[in-house]
Amino acid sequence: MNTTNQQTKIALVTGGSRGIGKSIALNAAKRGIGVILTYNSHPEAGEAVVDEINNTGGKAVALKLDSSNISSFNDFVAQVSQVLRKEWNRENFDYLVDNGGIAQRTLIKDTTEEIFDQLVNVNFKGVFFLTQKLIPWMVDGGQIINISSGLARFAFPGVAVYGALKSGLEGLTRYFAKEYADRKIRVNTVAPGPINTQFGDGKGDENHQRQIASLIALGRLGEAEDVGVFVASLLSDDSRYVNAQRIEVGGGILI
């Protein structure tokens, strides 16, 4: 695909209906970027984000995506192509934010093969093949941002598979950057630290949150907005020479 001119930039944000993904979508729209966001099981949540963007002068569309169902990706890409033509009169898009994922809350001894496979399919295999299929629709000089986790660097009980897969995703980021360098597509990783919307899957009590916050130099858990506004700030030519990097947005945890 050829590089665009002065047309509106467009970002595709997976898992953009809630949490960090929602914040990324909203903050990208505030910067004048068109947004295609995905949801899985809660279409009303996806449409609520779309309405918020459209009602404030932006443009967004929500599409259903099951990241664990690789066989559905061709149809999804076809839908993306249709939306690009219909809503933006475009044949391609500029940014891909691989944010969609599922968490793990099981100790190694309690992790079944079913849990393991589901985590792999959504957090690694799905990201790989979805990115592979979408890259032909990206502009030359575009950017991919993979959302990883601080758990790829430090360890807490109950998230072994998730953390290991995020480590793998960070390695995969560098390989994508290498293989698509001829198209000047940059591929980076953003790794959130403990975030209120996801850390402990909402099950941590105030004492647990205080314990985690005590490990962070800034003294507090992160908010989705902390990550969303940063990721959105990368979606521009201001980051044009940042490539194949891992950037942790964690307030300085365990330094």
Side-chain angles (χ1 to χ4, degrees), residues 1 9-16 19-21 23-25 27-28 33 36-38 65 67-68 70 73 77 93-104 119-155 159-193 195 198 222 226-250 253:
M1 296 288 177
K9 302 289 187 180
I10 301 170
L12 196 163
V13 182
T14 66
I20 289 174
S23 181
I24 293 170
N27 279 287
I33 298 172
I36 301 173
L37 63 92
T38 76
L65 173 67
S67 297
S68 68
I70 312 300
F73 287 177
V77 172
F93 66 98
D94 304 271
Y95 309 117
L96 172 62
V97 182
D98 284 314
N99 168 77
I102 56 173
Q104 177 193 6
L119 287 162
V120 170
N121 287 339
V122 174
N123 294 319
F124 191 82
K125 183 179 179 180
V127 174
F128 179 95
F129 284 105
L130 183 64
T131 304
Q132 178 200 69
K133 290 183 179 298
L134 285 170
I135 279 184
W137 299 93
M138 290 187 68
V139 300
D140 293 348
Q143 183 180 191
I144 299 167
I145 298 179
N146 292 321
I147 303 301
S148 178
S149 171
L151 293 167
R153 177 176 67 83
F154 49 79
V159 288
V161 180
Y162 178 85
L165 290 171
K166 290 301 188 180
S167 296
L169 180 63
E170 293 179 3
L172 191 63
T173 294
R174 294 187 289 273
Y175 281 96
F176 267 95
K178 189 75 169 180
E179 293 197 18
Y180 289 92
D182 60 330
R183 290 185 53 198
K184 302 298 186 289
I185 292 176
R186 295 173 293 119
V187 191
N188 292 295
T189 297
V190 171
I195 303 298
Q198 64 177 194
D226 294 320
V227 183
V229 72
F230 176 74
V231 173
S233 74
L234 289 179
L235 301 181
S236 75
D237 289 340
D238 290 348
S239 62
R240 59 187 174 272
Y241 206 55
V242 179
N243 193 22
Q245 298 303 302
R246 175 193 193 272
I247 307 169
E248 189 167 299
V249 183
I253 183 172

So, taking the atom named CH2 in Trp137 and the one named CD1 in Ile10, what distance separates them when rounded to the nearest 0.5 Å? 13.0 Å
Would you say the side chain of Val127 lies within less than 4.5 Å of the side chain of Ser67, judging by non-hydrogen atoms? no
Can you check whether Ile135's main-chain N or O pairs, donor with acceptor, with Arg183's side chain at less than 3.5 Å? yes
Residue pair Ile147 / Val231, side-chain heavy-atom distance below 4.5 Å: yes
Pair Leu172-Phe128, side-chain contact (heavy atoms from CB on, under 4.5 Å): steps then yes or no: CA-CA 8 Å; Leu172 191 63; Phe128 179 95; 3.7 Å; yes
Full working for side-chain contact (heavy atoms from CB on, under 4.5 Å) between Leu165 and Val161: CA-CA 6 Å; Leu165 290 171; Val161 180; 3.8 Å; yes
Shortest non-hydrogen contact from Pro192 to Ser148? CD-O, 3.3 Å
Of all the heavy-atom pairs spanning Arg186 and Arg240, show the shortest one and how long it is. CD-O, 3.2 Å
How close do Ala191 and Arg246 get, counting heavy atoms only, and between which atoms? CB-NH2, 3.5 Å
side-chain contact (heavy atoms from CB on, under 4.5 Å) evaluation trace for Asn188 with Ile247: CA-CA 8 Å; Asn188 292 295; Ile247 307 169; 5.5 Å; no
Hey, does Ile144 have a side-chain heavy atom less than 4.5 Å from the side chain of Tyr180? no
For a quick test of reading the model, state the closest non-hydrogen atom pair linking Ser149 to Lys166 and the distance between them. CB-CG, 3.9 Å
What's the spacing between Glu179 CD and Gln132 CD if we round to 0.5 Å? 10.0 Å
Minimum heavy-atom distance between Gly21 and Val13, given as atom pair plus value: O-CG1, 3.9 Å
Short side-chain to backbone donor-acceptor contact, Asn243 and Val187, under 3.5 Å: yes
Taking side chain as C-beta onward, heavy atoms only, is Leu65 less than 4.5 Å from Phe73? yes
All heavy atoms of Arg174 vs all of Ala244, minimum pair found to be CG-O, 4.0 Å
Side chains of Lys184 and Asp140: closer than 4.5 Å at any heavy-atom pair? no
When you compare the side chain of Leu12 with that of Met138, does any pair of heavy atoms fall below 4.5 Å? no
When you measure from the side chain of Ser167 to the backbone of Ala152, do you find a donor-acceptor pair of N or O atoms at a distance under 3.5 Å? yes
Gap separating the NZ atom of Lys125 from the CG atom of Leu119, nearest 0.5 angstrom: 14.0 Å
Asp94 side chain reached by Leu235 side chain, heavy atoms, under 4.5 Å: no
With rounding to the nearest 0.5 Å, note down the distance linking CG in Leu130 to CG in Asp98. 6.0 Å
Rounded to the nearest 0.5 Å, how far does OG of Ser23 lie from CG of Asn99? 10.0 Å
Heavy-atom donor-acceptor pair, Glu248 side chain to Arg153 backbone, under 3.5 Å: no
Rounded at 0.5 Å granularity, tell me how far OG1 in Thr14 sits from CD1 in Ile36. 12.0 Å
Examine the side chains of Thr173 and Thr189 and answer whether a donor and an acceptor come within less than 3.5 Å of each other. yes
Under a 3.5 Å distance rule, please check whether Asn123 uses its side chain to pair with a backbone N or O of Gly101 as donor and acceptor. no
Hey, does Leu134 have a side-chain heavy atom less than 4.5 Å from the side chain of Phe93? yes
Please answer whether the main-chain N or O of Gly15 pairs with a side-chain N or O of Thr38 as donor and acceptor at a distance below 3.5 Å. yes
